[in-house]
Amino acid sequence: MRLFLLAVALLSAVVARAADESIAIIGATVIHPEREAQAAVERDRTVIITGNRIAAIGPRARTRVPAGALRIDGKRKWVVPGLVDAHVHFFQSGNLYTRPDVADFNAVVPYRDEVARNKARLPATFKVWLASGVTSVVDIGGPFWNFEMRDEARKRGAAPRVAVAGPLISMIDRPKLDLGDPPIIKVTTPEEARALVARELAFKPDFIKVWFIYRPGDDLAAQEAIVKATGDAAHAAGVRLAVHATELAVAKAALRAGADYLVHSVEDEPVDQEFLALAMRNRVLYCPTLFVVMGYRYALSNTWRPTAAERRLADPQILAAMGDLARIPPEKLPERVAKAMAEAGEIDPSPVELRNLQTVWDAGIPVAMGTDAGNIGTLHGPAVFRELGLMVRAGLTPLQALRAATVNGAKAMGMERDIGTLAPGKLADVVILNADPLADVQNLSRVHRVVKDGQLFAPDELMRSLNGS
Ligand SMILES: [Zn+2]
């Protein structure tokens, strides 16, 4: 029987297993990201998973392995909670054709075809996330079909948990993204905002999201009133308010208006005491998304190169398209892209964003790891390892970066009681690694097995099964 189960494990992405059967990870190093320094590391532990919950974690010598359990040798393995990407967009693929409002490649690939592809490809995109050890994602805004996407993820075993926002309630229009179910909808008054919130609440969103775009000359106070009306309507229904606000003055306005979740860094100047006080008052979550702007710059200057993790774990269809700029005739290139290609140079993370992450972290504001995956150059799945690397570059330890991606990610999901840490009673969302993630945060990409909701997956098998999805 045991050999048969192992054979099944090798043949399919999911290990066939009766619901009452257990998984035992025997003698591994367990990492508890909610703890500090050495207390976070427990060596030679056995983890027992029964059904979809963690049943026990204890010293190998004293932890009983249930009869019939599927045994995984934990020697030279590290066990961490399943990662959470707190900022993704499934309606976008990460390739060049996915944001015609930024770079219009309709002459090469019609945007309608791109979005249809992304929708049809959801089962594969779900698997790519799991293969990267990401067992939960927050899709923080997209078309109304985002809610169908969430249903689809819940129906499928081979998918991360998904929390979702509907269309972005926006200060500006994005007509090039409107195929009949636009991801971004402009409102001009508090009444329009409340009406749109009401439409979205019918689908039970996990967040209401505002795209708070302030341009010189705009009336910031009038915009803040719209955000407040949006937030009040969301809060009245028990739904949290997520806001895109990337300048200090705008982020403060968002916080005054009741933001629960800031989905990007403050990028224009250092955060100040007033910002920190407002953030504390709101108990806000802060998601730095350090890589996404770099992703655009690499991709649109044709200098995007895959990382080792992306070569193994990204959707091969998307990887194959990342070098398309070299093949597109010059006359079909959008002007800004031709310019970016001509001027391509060194691309560095924003020093202000790095510094703000450290300031916000030191102030005790919970920071969630999020990639903004789906934007041009930021690929679903392995982009998390780029983001984690930048968080460490900003000054976080690998343990702190892991905490952002687990403990604090669970807060973004609204599931802190059930996921984000490893303890008996928690949902069994677990990653087994081949290398120590506290020695190098990139070792989080060295995924041996992933358990999501008690189901065991092998990354290689998930990747091999993509085209059959
Ligand atoms: Zn986003």
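Remember, it's 1-based here, ligands and their atoms both numbered in the order they're listed. Computation of the quantities below employed the complete heavy-atom set of this structure, encompassing side-chain atoms and omitting hydrogens, waters and symmetry-equivalent molecules.
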Classify the side-chain pair [X]/[Y] by whether it contains a donor and acceptor separated by less than 3.5 Å.
X: Asp139; Y: Asn146; result: yes
X: His380; Y: Thr125; result: no
X: His89; Y: Asn375; result: no

Does a salt bridge link Glu34 with Arg403, judged by any charged N lying under 4.0 Å from a carboxylate O?
no
Walk me through whether Phe203 and Phe144 qualify under ring-ring contact (aromatic ring centres under 6.0 Å, His included).
CA-CA 9 Å; Phe203 294 89; Phe144 272 101; 5.3 Å; yes
For the Zn ion (ligand 1), every protein N/O/S atom that sits closer than 2.8 Å, waters excluded:
His87 NE2, His89 NE2, Asp372 OD1
Between Asn52 (side chain) and Leu427 (backbone), is there a donor-acceptor pair under 3.5 Å?
no
